[in-house]
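This report refers to the structure that appears directly beneath it.
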Amino acid sequence: MADRGCPHLDAIDSVKQPQIRECAECVKIGAQWVHLRTCQQCGVTLCCDSSPNHHATKHARATGHPVIASAQPGERWLYCYPDEAFCEY
Ligand SMILES: [Zn+2]
Ligand SMILES: [Zn+2]
Ligand SMILES: [Zn+2]
């Protein structure tokens, strides 16, 4: 794999895809979301920072899981929170 600028992105060789296209936390509280992200550590799909509840970022902060992938159809990118590193795949 090409050098992606952080060890977390470098460690990913198969990208976890969303199991379901909904935010696992928003569904519980009846909230709306804008875009979805999938945690590459545990596979949970949560909402993006454009969504009111920022569940993907809260999950990363709370768990230390560093990398998310876009769960939007047609988007193929990864983002590492601790390194603020972004790459397409
Ligand atoms: Zn990283
Ligand atoms: Zn959410
Ligand atoms: Zn996770």
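None of the values given here were measured: they were computed from a predicted structure. When a ligand or atom number is given, it counts from 1 through the structure's own listing order.
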Query raised in the report: With the Zn ion (ligand 3) at the center, what angle do SG from Cys39 and SG from Cys42 span, rounded to 10 degrees?
Result: 110°
Query - Atom of Asp83 closest to the Zn ion (ligand 1), considering N, O or S atoms - result: OD2
Query raised in the report: Is there a side-chain contact between Leu9 and Val67 (heavy atoms, below 4.5 Å)?
Result: yes
Report task. Could you confirm whether His54 has any N/O/S atom lying under 2.8 Å from the Zn ion (ligand 2)? Result -> no
Query raised in the report: Should we count CZ of Arg21 as having more than 12 external heavy atoms under 6.0 Å?
Result: yes
Query raised in the report: For the Zn ion (ligand 1), which N, O or S atom of His8 is at the shortest distance?
Result: ND1
Query - Worked verdict on Cys23 versus Leu36 for side-chain contact (heavy atoms from CB on, under 4.5 Å) - result: CA-CA 7 Å; Cys23 172; Leu36 294 170; 3.8 Å; yes
Report summary line: The ND1(His55)-the Zn ion (ligand 2)-SG(Cys47) angle, to 10°, is 110°
**Report entry** Validation row: Asp83, Pro7 side chains within 4.5 angstrom (heavy atoms)
**Finding:** yes
Report summary line: Closest to the Zn ion (ligand 3), among the N/O/S atoms of His65, is atom ND1
Query - Distance in Å, Cys39 SG paired with Lys16 NZ, rounded so as to fall on 0.5 Å steps - result: 7.5 Å
